[in-house]
Protein chains: 2
Amino acid sequence: MSVTLKDVAQAARVSVSTASRALTGTGLTSERTQQRLTRIARELGYRPNPIARGLKTGQSRLVALLVHNLTNASFQVMAEVIQARLKALGYQMLLCIGGDDPEQESDTLTTLVDHRIDGLIVVPTGKNGAQLKALSKEVPIVCLVRRDDATDLETVLADDPQGAYLGTRHLIELGHKRIGLIVGRQDTTSGRERLSGYVRALREAGIAMDGTLVHAGHFVPETGATCARKLLDLLRPPSAIFVANHEATLGVLRVTAERNIAIPDDLSLLCYEDMPWFEWHRPAISIVDNGARDLANLAVDRLLHRMDAKGNGNDGVREYRVGARLIKRDSCRPIESASKPKSSKSKSSAAKSAKV
Amino acid sequence: MSVTLKDVAQAARVSVSTASRALTGTGLTSERTQQRLTRIARELGYRPNPIARGLKTGQSRLVALLVHNLTNASFQVMAEVIQARLKALGYQMLLCIGGDDPEQESDTLTTLVDHRIDGLIVVPTGKNGAQLKALSKEVPIVCLVRRDDATDLETVLADDPQGAYLGTRHLIELGHKRIGLIVGRQDTTSGRERLSGYVRALREAGIAMDGTLVHAGHFVPETGATCARKLLDLLRPPSAIFVANHEATLGVLRVTAERNIAIPDDLSLLCYEDMPWFEWHRPAISIVDNGARDLANLAVDRLLHRMDAKGNGNDGVREYRVGARLIKRDSCRPIESASKPKSSKSKSSAAKSAKV
DNA sequence: CGATAGACTGCAAACGATTGCAGAGACGTT
DNA sequence: AACGTCTCTGCAATCGTTTGCAGTCTATCG
């Protein structure tokens with residue numbers, strides 16, 4: 001069907017081996033034949049068969065990215081960044097959707113390795129540690145966003161403790177003392193870490209932790225709404241809510257709309273991870289940005305490094321953290337001098353009181 | 001490294017060919033050896049090497065899906081549906097992002113074909129018709145959502161004329177006579193077809209078409225905002241806006257929020273294609289659903305059909321339409337008996353003041 | 001001028017599977 | 001007993017590359 005190396009060789013009246021060497025540029029052929037062959041190959045429209053090549057070399061120029069889903073905006077941008085980076089290097093990215101389902105993850109994993117992918121970036125479910133570990137002997141693997149504690153794989157993580165700390169501190173600096181937190185499952189790294197950042201900021205500010213203000217769980221928008229209601233129904237409801245789980249955001253917004261709670265006048269709202277519509281929303285929603293682009297880029301860097309350093313890519317470092325940053329938009333505002341009967345409790349004093 | 005067929009054959013003391021036949025279940029081996037070999041293969045953890053197999057058979061059990069981007073919610077659900085369907089059939093889906101860029105599309109296309117994919121579902125940019133046509137001789141191809149006029153490829157399309165007609169008629173039935181339309185580029189099929197549906201509904205209702213109410217172009221949220229402003233600044237602004245291009249929706253919402261135009265009281269809003277947050281938005285946004293799931297499923301059906309019918313999958317039909325349907329939520333409301341000079345100019349007057 | 005290195009080239013064996021062809025038995029028929 | 005048929009198995013070629021090894025040719029040096 002298509003033009004093979006043999007055809008090129010015949011047309012050029014050389015052996016297949018010479019043709020191969022000339023076209024792959026091993027420097028073992030004379031300048032002249034090399035040029036002649038590249039020309040002929042071009043004329044004939046020859047394109048090497050990656051399958052045959054792969055069979056011989058054990059490589060495929062394929063790199064896989066395995067994520068949970070595509071609805072998460074962070075995964076979208078990561079996928080696009082990674083694809084662009086790899087493409088520039090001549091790799092084809094294979095994007096797979098694992099659905100956060102361990103069994104499917106396991107299946108996909110073996111399929112991929114069987115296809116002799118050259119590298120893998122995976123957001124692990126955390127339930128297939130053993131398999132991942134075994135696979136990492138056959139192909140370079142980098143974990144992204146989540147850690148699999150059962151492995152010692154190189155992992156690129158968002159700095160969730162820092163991000164949550166930053167966000168909470170921002171709210172505290174605005175004078176908020178009762179800050180509701182809606183956070184992800186506590187059996188995930190990010191769930192735990194975000195909670196810890198929240199706790200740290202509170203402690204640092206000398207604010208006592210109030211358990212009724214914290215809701216953790218596996219969120220969908222509905223649960224987000226439920227939690228928001230619970231928070232707002234409290235005798236002393238929070239003056240700010242930190243939604244540290246992006247799945248929950250929609251639900252929270254719904255509830256505030258239903259109850260005609262004005263943001264940010266009646267309630268400050270801070271979310272984690274950006275969504276394309278956040279800055280178009282009215283009011284534009286302030287967020288803690290987990291740095292998806294940076295995460296993706298770093299993951300690619302690490303993967304390439306491991307792919308180069310055949311086998312012994314062990315640099316000692318196992319975990320990389322990508323800084324989070326606060327993006328202030330319009331959904332958070334300073335609280336009006338709350339309990340103090342005094343005057344002029346503006347920002348400076350609010351910030352000060354926060355430290356105590 | 002890994003267990004090969006040869007290893008299995010040796011362990012079973014048979015030839016490689018027998019092993020192959022037994023394991024692929026050709027029925028050319030005795031029941032006994034077949035069972036024995038499957039057992040041994042399992043014990044040894046043998047997994048066939050798809051690359052070697054592919055070299056011989058010319059197949060890869062890989063099917064590619066090439067889309068423009070992942071931010072479009074429709075593409076997300078299509079990708080997930082297609083992946084699930086294919087997976088169940090033992091195919092691995094290769095998801096590629098073309099960025100709506102003809103050159104990148106072309107590149108990706110050749111890479112994919114070189115990798116001997118077994119099938120391809122593509123949302124064509126429309127600029128690589130010749131290449132697609134040529135490729136379709138080597139691998140079954142189905143176009144999705146967009147047609148490439150330069151080819152006669154089988155194409156699965158949303159019924160955009162019908163969808164736009166349905167939406168417009170809905171607004172008309174609610175009493176709207178001045179309906180703004182924000183629609184995509186007129187050099188895309190969907191752009192043209194949605195406009196035509198709008199026009200048809202208007203004509204059928206005996207409403208004269210007003211050119212100032214229609215904006216077509218290549219949209220990003222910013223442009224959506226600009227168009228919304230132009231529409232609302234009109235001397236006689238529309239009482240409803242049909243945003244038939246999902247990229248523009250965010251911009252339109254932004255403008256209505258800025259101007260304190262209440263939806264649906266002051267302005268009815270209808271959008272095309274669903275977004276996960278539409279039903280959580282306040283008010284929940286009514287839409288014309290293009291039937292992404294159905295589109296994806298049909299595309300898979302057609303592709304599988306072509307993959308089965310080696311070569312002559314030509315059924316005569318070249319174009320499939322998937323019905324659109326209206327999903328009424330809260331962003332459209334009947335217009336108050338419009339031209340009557342009666343009292344109760346409350347809300348509409350607010351909208352009016354907004355324009356001035 | 002002969003030896004020798006050096007630069008190219010070709011032969012053939014891989015890589016791991018599939019598959020046409022033919023041989024080896026087992027069995028039934030005449 | 002001879003023959004044909006049928007079922008199962010193995011040999012070897014093949015898919016399109018890469019690559020170790022050995023051979024050819026030219027040029028250089030003593």
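Proteins get letters first, then strands, A, B, ... in listed order; numbering begins at 1 in each.
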Q: Would you please name every residue forming a side-chain hydrogen bond (donor to acceptor under 3.5 Å, both in side chains) with A/Thr155, sequence neighbours left out?
A: none

Q. Using a cut-off of 4.0 Å on non-hydrogen atoms, how would the nucleic acid contact of A/Ser20 be classed: base, sugar-phosphate, or nothing?
A.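 Base, at least one base heavy atom under 4.0 Å.
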
Q) Excluding sequence neighbours, so at least two apart, what forms side-chain hydrogen bond (donor to acceptor under 3.5 Å, both in side chains) with A/Thr38? A) none

**Q.** salt bridge (Lys or Arg N to Asp or Glu O under 4.0 Å) pairs, two or more places apart, involving residues 34-49 of chain A
**A.** A/Arg39-A/Glu43, A/Arg47-B/Asp114

Q) Does A/Arg61 have any side-chain hydrogen bond (donor to acceptor under 3.5 Å, both in side chains) partners at least two apart in sequence or in another chain, and if so, which? A) A/Tyr91

Q) Taking five pairs at each end of the helix from C/dC1-D/dG30 to C/dT30-D/dA1, what angle separates the two helix axes (nearest 10°)? A) 60°

(Q) Going by salt bridge (charged side-chain N to carboxylate O under 4.0 Å, His left out), name the residues that satisfy it together with B/Asp301, two or more places apart in sequence or in a different chain. (A)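 For B/Asp301 the salt bridge (charged side-chain N to carboxylate O under 4.0 Å, His left out) partners, ignoring immediate neighbours, are B/Arg85.
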
Q: Mind checking B/Thr26 for me? I need base, sugar-phosphate or nothing, with any heavy atom below 4.0 Å counting as a touch.
A: nothing

(Q) Using a strict threshold of under 4.0 Å (side-chain N to carboxylate O), is an ion pair present between B/Arg302 and B/Glu154? (A) yes

Q. What is the per-nucleotide protein-contact pattern of nucleotides 6-11 of chain C, from the 5' end, where B denotes a base atom under 4.0 Å from a protein heavy atom, S denotes such proximity for sugar-phosphate atoms only, and - denotes neither?
A. --SBBB

Q. With A/Thr125, which residues qualify under side-chain contact (heavy atoms from CB on, under 4.5 Å), at least two apart?
A.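 With neighbours one apart ignored, the set is A/His68, A/Asp100, A/Pro102, A/Glu105, A/Lys127, A/Asn128.
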
**Q.** Side chain A/Lys56 and base D/dT18 donor-acceptor under 3.5 Å
**A.** yes

Q: Answer yes or no: does a side-chain N or O of B/Arg53 lie under 4.0 Å from OP1 or OP2 of C/dT18?
A: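 Checking C/dT18 against B/Arg53, a side-chain N or O does come within under 4.0 Å of OP1 or OP2.
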
Identify all side-chain donor-acceptor contacts of residues 51-58 of chain A below 3.5 Å with residues at least two apart in sequence or on another chain.
residue: A/Thr57; atom: OG1; partner: A/Arg53; partner atom: O; Å: 2.9
residue: A/Thr57; atom: OG1; partner: A/Gln59; partner atom: N; Å: 3.2

Q. When we call it a touch if two heavy atoms are under 4.0 Å apart, what does B/Pro50 touch: a base, just sugar-phosphate, or nothing?
A. nothing

